[in-house]
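Note on naming: letters A, B, ... go to the chains in the order of the sequence lines (proteins, then strands), and numbering restarts at 1 for each one.
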Amino acid sequence: MTTFLRPGQQAAAAFGLAFDVDRDASGAAPAAVFNKNERLAISDQRQRLPIYAHRTELLYLVETHATTVVVGETGSGKTTQIPQYLHEAGWTQGDKMIACTQPRRVAAMTVATRVAEEMGCRLGQQVGYSIRFEDVSTPEVTKVRFCTDGVLLREMMSDPLLLKYSVVMVDEAHERSLATDVLLGLLKKIQRRRPDLRVIISSATIEAEKMARFFDTSNVRRPRGHAEVTQEGAAPSRSPALMSVEGRTHNVQIHYLEAAVDNYLQVAVETSVAIHKEDLPGDILIFLTGQDECEAGKLVKLLEEEGRRLQRSRLKWRLQPMALYAGLPAPHQLAAFDAAPRGVRKVVVSTNIAETSVTLEGIVYVIDSCFAKQRCYNPLTGLESLLIAPISKASAQQRAGRAGRVRPGHCLRLCTEADYEEKLPATTVPEMQRSDLAGTVLQLKSLGIDNVMTFEWLAPPPAETMIRALETLHALGALDGDVRLARPIGLQMAELPLDPVLARMLLAAGEMGCTAEALTVVAMLSVQSIWAGGGRREVDEAKARFAVAEGDLVSYLNVWRAWEESKRSKKWAVANHVMHRSLLRAADIRSQLQAHLRRLGFKQASALEGATSFDHDQELDTVRKALAAGMFINAARLTEETQVKLADQSDTGAAIYRLVRSAGGDAAAVKLRIHHSSVLFRCRPAWVCFYAAEQNDTGWYEMRDVLAIESGWLTELAGHVYRMVPLNPQMRR
DNA sequence: CGGATAGGG
């Protein structure tokens, strides 16, 4: 029997499932209905936000403390109001600006738009934003600037002390994105040199104490020569201030399963149907782990079937399931945001894109699988894994909160309360501790931080990861023998807004006279999958039209050329199952990088253009070598083994590869195969390089974006990493 | 036999 609370009711409805009411759920008083104030004048609206009552306190704390940590719950108004308060209080006088960083581009844009409206100015005047490819601000005029944390990091390369700014507010710091963590570490460092700078960190409760402790330097002696007293008077306290602002959300009742289940998809469907049959109106949001679970014949399909069955039973309300994930084409994504028509209950089946990146209105029920795919990095193999893992309690709370935006809601967690308490970690491991840090280390080095091992991190990454990053950068030629930034290569690589492997490819192409081709490949590797979803057969057929034996990277050149020949036509893209959106973004990236290369003094050249078919192979080899000059880091060799045939599965015949580098240890044990999405799947080139390999749930490492190479190129291009060894007769093929 | 999510003057 299910016990399942309805709003304002103790009685339980009978469902076929066993949900246990969490009696400890916070019983906060119901808050005022959000956005009731829509028609009020803007100044009245601003004064009704919870943060308004804390305005004086906040300004006092910022005045007197180098760092202020603000815990502002959803709906408190912190993001839009704090920058305005600071502006009104005079923090933007004397040519100084206020920066407010966001982890996502859309957030920077939308918040800036809202604040410009509140301040009664045109966007890009007093209030602006800056994200990659789009700087909507005016020098000398813009006072409040919203930007992504990545943009502010880039800005530090030309303005290391952020002298343009009097205050930097880091919003959503609890999300602990890689860029946020790096920024926080650098801000702490800057504070030593700039006692006048104020840092405001906005964070959820759970991370607030940690942030405050990190920025507390009250016990640290200032370096000699740095006065404790600034020209304006007493320096601010070096103990951070902490401030909390209540939010405006509704109570969300939490429910757990009474017994663990093994098929949470089935349970999610049954729960949706149960809610639908028995409960009050309100849309449902289901959190699952991936695209395939959300769509491909799984949950949405099951729900559709159930919906039809319900309709036959003459239920007044209709059930309308729809998938939501990042890879979904924009028009389909928008469908999830449309309000359901009368008599229709929306069931949005989503990946964790709906946890932080987008907000859906009208959700009253959240069904949470309590799982998500998580990226991890293994510094010993230098490869990443994408594994399904339990989410953290912090994530689960965030997901639950999605049910309380319009009125009191419910969150049904598809695990037992005991499992929730025992198996879910309190917080998610910060990205900093599960990523490849080669790019981050290079950026820090270029900012003059030579000893990255002693850099003060909010969460120190594993030492092995740092060592691996230094090794990678050294192999790529970005660092010299003393692990110092190599000039000019290291500096040039840091300048390029790219992964170090891709940056090295571009520089090599500059030397080898094929920047045109390398720019195309690098741009296309920088966007998420070029290929459109939909029928796999169609996509495979489309792919086959561009496929060449040299691999995916060279195939991308074919796609690009055909798209260019069609005059960048959208019709062409649709007909060829290529995502037009991705190509347009690749085109943006390509021209940005082209400008960078030009500034670095590289001559633009194409190896293939004008090449006759007679010398084509040779010219193509030049391009492949330039690409391999970065990708040699990830080289793999075909072995004689093939994938073992399993009893209940047909033999896929996938060939097994092994990493070429590091003859011993973990790297040598790694078995790789070519990912199904590669044009080289089923092909067996003896030597390959790959841009990315991921371990999947079955334990296999699968190589994506593969380039076939000649074995001799490794020693030719990276003699400092690879050397010729006599062939072992047993290994040869 | 198949890609969670963000991000870069």
Would you mind classifying the nucleic acid contact of A:Ile589 as base, sugar-phosphate or nothing, using non-hydrogen atoms under 4.0 angstrom? nothing
How would you list, by chain and number, every residue that makes a ring pair (Phe, Tyr, Trp, His ring centres under 6.0 Å) with A:Tyr420, sequence neighbours excluded? A:Tyr256
How many whole angstroms separate atom CG of A:Leu502 from atom P of B:dG8? 16 Å
With sequence neighbours excluded, what pairs up with A:His580 under the ring pair (Phe, Tyr, Trp, His ring centres under 6.0 Å) test? A:Trp563
Can you name the residues that form a salt bridge (charged side-chain N to carboxylate O under 4.0 Å, His left out) with A:Glu155, not counting sequence neighbours? A:Arg145, A:Lys164
Quickly work out the A:Leu600 CG to B:dG9 C1' distance and round it to whole Å. 13 Å
For A:Asp588, which residues count as a side-chain hydrogen bond (donor to acceptor under 3.5 Å, both in side chains) partner, sequence neighbours excluded? none
Atom CD of residue position A:Glu541 - does it have more than 12 heavy atoms of other residues, nucleotides or ligands inside 6.0 Å? yes
Classify every nucleotide of nucleotides 2-7 of chain B by which part a protein heavy atom approaches to under 4.0 Å, writing B for the base, S for the sugar-phosphate alone and - for neither, in 5'-to-3' order. BBBBBS
Sugar-phosphate, base or nothing in reach of A:Asp705, heavy atoms under 4.0 Å: nothing
Whole Å only: how far is the CG atom of A:Asp588 from the P atom of B:dG8? 12 Å
Strictly below 4.0 Å: does A:Gln592 bring a side-chain N or O up to OP1 or OP2 of B:dG8? no
Set of ring pair (Phe, Tyr, Trp, His ring centres under 6.0 Å) partners for A:Trp457, sequence neighbours left out: A:Phe455
Just how far, in rounded Å, is C1' of B:dG8 from CE of A:Met156? 15 Å
